[in-house]
There are 2 protein chains.
Amino acid sequence: MPISEGQADGAVNRDDTIFELLQELNQRLSPKFERHAGISFTRLRLLQELYRLGPVSQNTLQRKVGIDAAAVTRHLKGLEENGLIARGSDPADGRAILVSLTERGQNAMSSCREEKGRFLEQLLSGFKEEEVALLARMLERLCGNIKQI
Amino acid sequence: MPISEGQADGAVNRDDTIFELLQELNQRLSPKFERHAGISFTRLRLLQELYRLGPVSQNTLQRKVGIDAAAVTRHLKGLEENGLIARGSDPADGRAILVSLTERGQNAMSSCREEKGRFLEQLLSGFKEEEVALLARMLERLCGNIKQI
DNA sequence: TTGTTATAGTTGACGGGTCAATAAATTGGG
DNA sequence: CCCAATTTATTGACCCGTCAACTATAACAA
């Protein structure tokens, strides 16, 4: 019989808890955000990056947002159908596609961003500013660790 | 095409960063965990809960792990095909299905749990025990906040 | 009893992510 | 110059989660 160890909560030890919390958090966060903001967090990030960077290739966009190239292709397809972005060929590189934010996309982005602000305020309610900073630093450390696994 | 170098510094402010980091973390965590442990984190959780609780209905299992009933059904289908769990009818309730861990499932669970330990060790490397506790507390607070949105 | 309501589980459609294979264009070494 | 290797984007297959519709059973009230 494998070691009993059955704690009162589901997790076997505190390390487990971290993993479970991260998973639970994200699974609840994404749908709620989308319902609030009317757009998925990833798509909003794409629009924001596009706004920050101006017209760029899908490739650089992909690296900025940190998702798979295939996912980027499909998101952009959807965003293009909604008229929020435009895609054109890159005169300097026949392989690349230059993606740019349309005016409509810019408007959508701004209004969603306000929603996002309210959402994040609620998410972080009760956190002092320095706690937020501390949390961010810890999450960054985790990100750093994961990259080396 | 594995992702490369997604900095989370596209964020407009620190609150954004938190959200981006959480998302990035989970998106990287799950695939890496699965490759390491040979089983998805959710499925391992199912096996562990089954071990802790003994034979239970899918419903209680679902509430424990915190995912959709449909997802549970499909996970259990897969686990059953692999011989890790067994499903039988509940004599006390004709609607319910009693799920139990097979011997093979128990063995799989124990060995995966060791892998998980190593994985978490790497993930949390550089964290002092009290930092882990602090992190867990903060994530719990976030979880609490999200439930009220 | 019977009919209504609630609960357990399944299934299908969908969104979001991964990886692998592929086409087209660029790059670079012989 | 040319051929091989690399890079960009796309597509298909798959996993994992959601929600909504459905079936079967249970619980309960009239």
Side-chain angles (χ1 to χ4, degrees), chain A residues 20 22-35 37-46 55-82 85 87-99 146, chain B residues 1-4 6 22-46 55-82 85 87-99:
Chain A
E20 295 185 5
L22 284 172
Q23 179 149 294
E24 183 172 347
L25 219 51
N26 254 9
Q27 279 173 18
R28 294 179 189 261
L29 232 45
S30 301
K32 288 214 174 167
F33 177 82
E34 188 162 352
R35 241 178 301 140
I39 191 175
S40 80
F41 186 61
T42 299
R43 290 199 175 185
L44 181 51
R45 276 187 78 181
L46 286 168
V56 286
S57 73
Q58 293 189 192
N59 191 27
T60 64
L61 209 46
Q62 176 231 320
R63 280 194 310 258
K64 282 290 177 190
V65 175
I67 58 178
D68 194 65
V72 172
T73 292
R74 288 166 185 137
H75 278 303
L76 292 181
K77 185 165 175 280
L79 290 170
E80 191 177 25
E81 283 166 0
N82 292 359
I85 63 136
R87 296 199 277 183
S89 52
D90 183 344
D93 187 337
R95 297 164 299 180
I97 288 185
L98 276 187
V99 190
I146 194 77
Chain B
M1 238 5 113
I3 38 248
S4 64
L22 284 172
Q23 180 150 293
E24 183 173 347
L25 219 52
N26 252 11
Q27 279 173 16
R28 293 178 189 261
L29 232 45
S30 300
K32 288 214 174 167
F33 177 82
E34 187 162 353
R35 243 178 298 141
H36 256 247
I39 190 175
S40 79
F41 186 61
T42 299
R43 290 199 177 186
L44 182 51
R45 276 187 78 180
L46 285 168
V56 286
S57 73
Q58 293 189 192
N59 190 27
T60 65
L61 209 45
Q62 175 230 320
R63 280 194 309 259
K64 281 288 177 190
V65 175
I67 58 177
D68 193 64
V72 172
T73 292
R74 286 164 187 138
H75 278 303
L76 292 181
K77 185 165 174 280
L79 290 170
E80 190 177 26
E81 282 165 0
N82 292 359
I85 62 135
R87 297 199 276 185
S89 52
D90 184 343
D93 187 338
R95 296 165 299 179
I97 288 185
L98 276 187
V99 189

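Reminder, nothing fancy here: chain letters follow the sequence lines and each chain counts from 1.
Side chains of B/Val99 and B/Leu46 form no contact here, defined as non-hydrogen atoms less than 4.5 Å apart.
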Please produce a list of atom pairs where a protein N or O lies less than 3.5 Å from an N or O of nucleotides 11-15 of chain C.
from: C/dG12; atom 1: N7; to: B/Arg74; atom 2: NH2; distance (Å): 2.6
from: C/dG12; atom 1: O6; to: B/Arg74; atom 2: NH1; distance (Å): 3.4
from: C/dG12; atom 1: O6; to: B/Arg74; atom 2: NH2; distance (Å): 3.1

Pairwise N/O distances under 3.5 Å, protein to nucleotides 3-6 of chain C:
none

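Scored by the salt bridge (charged side-chain N to carboxylate O under 4.0 Å, His left out) test, B/Arg74 finds no partners at all (sequence neighbours excluded). Residues passing the side-chain contact (heavy atoms from CB on, under 4.5 Å) test with B/Ser30 are A/Gln23, sequence neighbours excluded. Not counting sequence neighbours, the partners of B/Arg95 by the salt bridge (charged side-chain N to carboxylate O under 4.0 Å, His left out) test are B/Asp93. A search for side-chain hydrogen bond (donor to acceptor under 3.5 Å, both in side chains) contacts involving A/Glu24 returns A/Arg28, not counting sequence neighbours. Scanning for salt bridge (charged side-chain N to carboxylate O under 4.0 Å, His left out) contacts around A/Glu80 gives A/Arg87, with sequence neighbours left out. Listed by chain and residue number, nothing satisfies the salt bridge (charged side-chain N to carboxylate O under 4.0 Å, His left out) test with A/Lys32 (two or more places apart in sequence, or in another chain). Evaluation of the side-chain contact (heavy atoms from CB on, under 4.5 Å) rule for B/Ser89 yields no partner, not counting sequence neighbours.
We find that CG of B/Leu76 is positioned 8 Å from P of C/dT10, with the value rounded to whole Å.
Using a 4.0 Å heavy-atom cutoff across all strands shown, B/Arg63 reaches no nucleic acid atom at all.
The shortest distance between the side-chain N/O atoms of B/Gln58 and the OP1/OP2 oxygens of C/dT10 is below 4.0 Å. Between D/dG17 and B/Thr42, a contact under 4.0 Å exists linking OP1 or OP2 to a side-chain N or O.
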